[in-house]
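Structure provided below as structure tokens; questions to follow.
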Amino acid sequence: SHEVGVRTTVMLQRIPESFGAELVQETLDSLGYAGLYDAVYVPLKRGLAESLRYAFVNFTSPEHAIHCIRMCEGRPFGTSDSALICTAEYSRCQGADVIRARASGAGAREAEGGRPRRRR
């Protein structure tokens with residue numbers, strides 16, 4: 001079990017279904033997080049290029065993770081016209097390796113062109 005002070009992976013929920021990993025990354029970058037995260041995974045609906053409205057982001061430090069939770073919680077995520085209000089919390093699964101493994105496994109199962117993107 002990860003203690004609060006060492007957790008780096010955040011789950012963003014209630015994001016627009018049109019947001020794949022690239023739009024999540026662009027939104028995070030516009031919020032000032034460019035270079036402060038090392039993995040992003042957005043699960044997609046089977047066979048579609050639509051998200052399940054949540055994303056996992058692994059930050060490079062616990063401080064960046066908690067800042068993102070505070071920044072995104074209770075606000076719309078991104079510049080979408082969506083009325084969805086984002087909820088942000090620590091993910092039960094922690095670490096860039098876990099996020100990359102989930103993205104790789106899902107990519108093998110999703111339709112062509114649906115492979116999640118991840119930062120290196």
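For this chain, numbers begin at 1 and follow the sequence in order.
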- Show your reasoning for whether side-chain contact (heavy atoms from CB on, under 4.5 Å) applies to M11 and R92. CA-CA 9 Å; M11 184 167 69; R92 284 182 291 158; over 6 Å; no

- Task: Could I get the full list of side-chain hydrogen bond (donor to acceptor under 3.5 Å, both in side chains) partners for T9, not counting sequence neighbours?
- Result: N58

- Query: Centre of Y90's six-membered ring, under 6.0 Å away, within 45 degrees of the axis: is that where NZ or CZ of R7 sits?
  - Reply: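 Flagged: R7 positioned over aromatic ring of Y90.
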
- Message: Please find the pair of heavy atoms, one from D29 and one from Y37, that lie closest to each other, and give the distance.
- Response: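 Closest heavy-atom pair between D29 and Y37: OD1-OH, 2.7 Å.
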
- Query: Are V24 and I69 grouped together when hydrophobic residues (ILVMFWY) are joined by side-chain heavy atoms under 4.5 angstrom apart?
  - Reply: yes

- Taking the side chain as every heavy atom from C-beta outward, state whether V6 and Q94 have any pair of such atoms under 4.5 Å apart. no

- Can you name the nearest heavy-atom pair linking R14 to T87, along with the distance?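 Taking every non-hydrogen atom into account, CD-CG2, 4.4 Å.
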
- Query: Do L84 and R53 come within less than 4.5 Å of each other through their side chains, counting heavy atoms only?
  - Reply: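 L84 reaches R53 side chain to side chain.
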
- Item | Test item: E73 and E89 side chains (from C-beta on) under 4.5 Å apart, heavy atoms | no

- Message: Set out, in order, the CA-CA distance, both residues' side-chain angles and the distance that settles side-chain contact (heavy atoms from CB on, under 4.5 Å) for E22 and V40, then state yes or no.
- Response: CA-CA 9 Å; E22 187 171 342; V40 173; over 6 Å; no

- Message: For C68, is there any backbone N or O sitting under 3.5 Å from a side-chain donor or acceptor partner on Y33?
- Response: yes

- Query: Which heavy atom in S51 sits nearest to a heavy atom in V42, and how many Å separate them?
  - Reply: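 Taking every non-hydrogen atom into account, CB-CG1, 3.5 Å.
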
- Message: Using 30° and 60° as the class boundaries, would you call the ring planes of F19 and F77 parallel, tilted or perpendicular?
- Response: perpendicular

- Does S61 use its side chain to pair, donor to acceptor, with the backbone of H64 at less than 3.5 Å?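 Between the backbone of H64 and the side chain of S61 there is a qualifying donor-acceptor contact (under 3.5 Å).
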
- Can you tell if the side chain of T60 reaches within under 4.5 Å of the side chain of T8, non-hydrogen atoms only?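 T60 vs T8: side chains apart.
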
- So, for C72 and C86, which heavy atoms are closest and what is the spacing to 0.1 Å? O-CB, 3.5 Å

- Hey, is the main chain of A101 close enough, under 3.5 Å, to the side chain of Y41 for a donor-acceptor pair? no

- Might you point out which heavy atoms bring V98 and C93 nearest each other, and give the distance in Å?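 Reported closest heavy-atom pair: CG1-CB, 3.7 Å.
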
- About how many Å separate CZ of F56 and CD1 of I99, when rounded to the nearest 0.5 Å?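 Between I99 CD1 and F56 CZ, I get 6.0 Å after rounding to 0.5 Å.
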
- Message: Please report whether the ring centroid of F59 lies less than 6.0 Å from that of H67.
- Response: no

- Closest approach of M71 and L31, non-hydrogen atoms and distance?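 Taking M71 first and L31 second, the nearest heavy atoms are CE-O, 4.3 Å.
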
- Task: Could you grab the distance from atom CD of E17 to atom CG of L44, nearest 0.5 Å is fine?
- Result: 11.0 Å

- Item | L23 vs P16 side-chain heavy atoms within contact, under 4.5 Å |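 A side-chain contact under 4.5 Å is absent here.
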
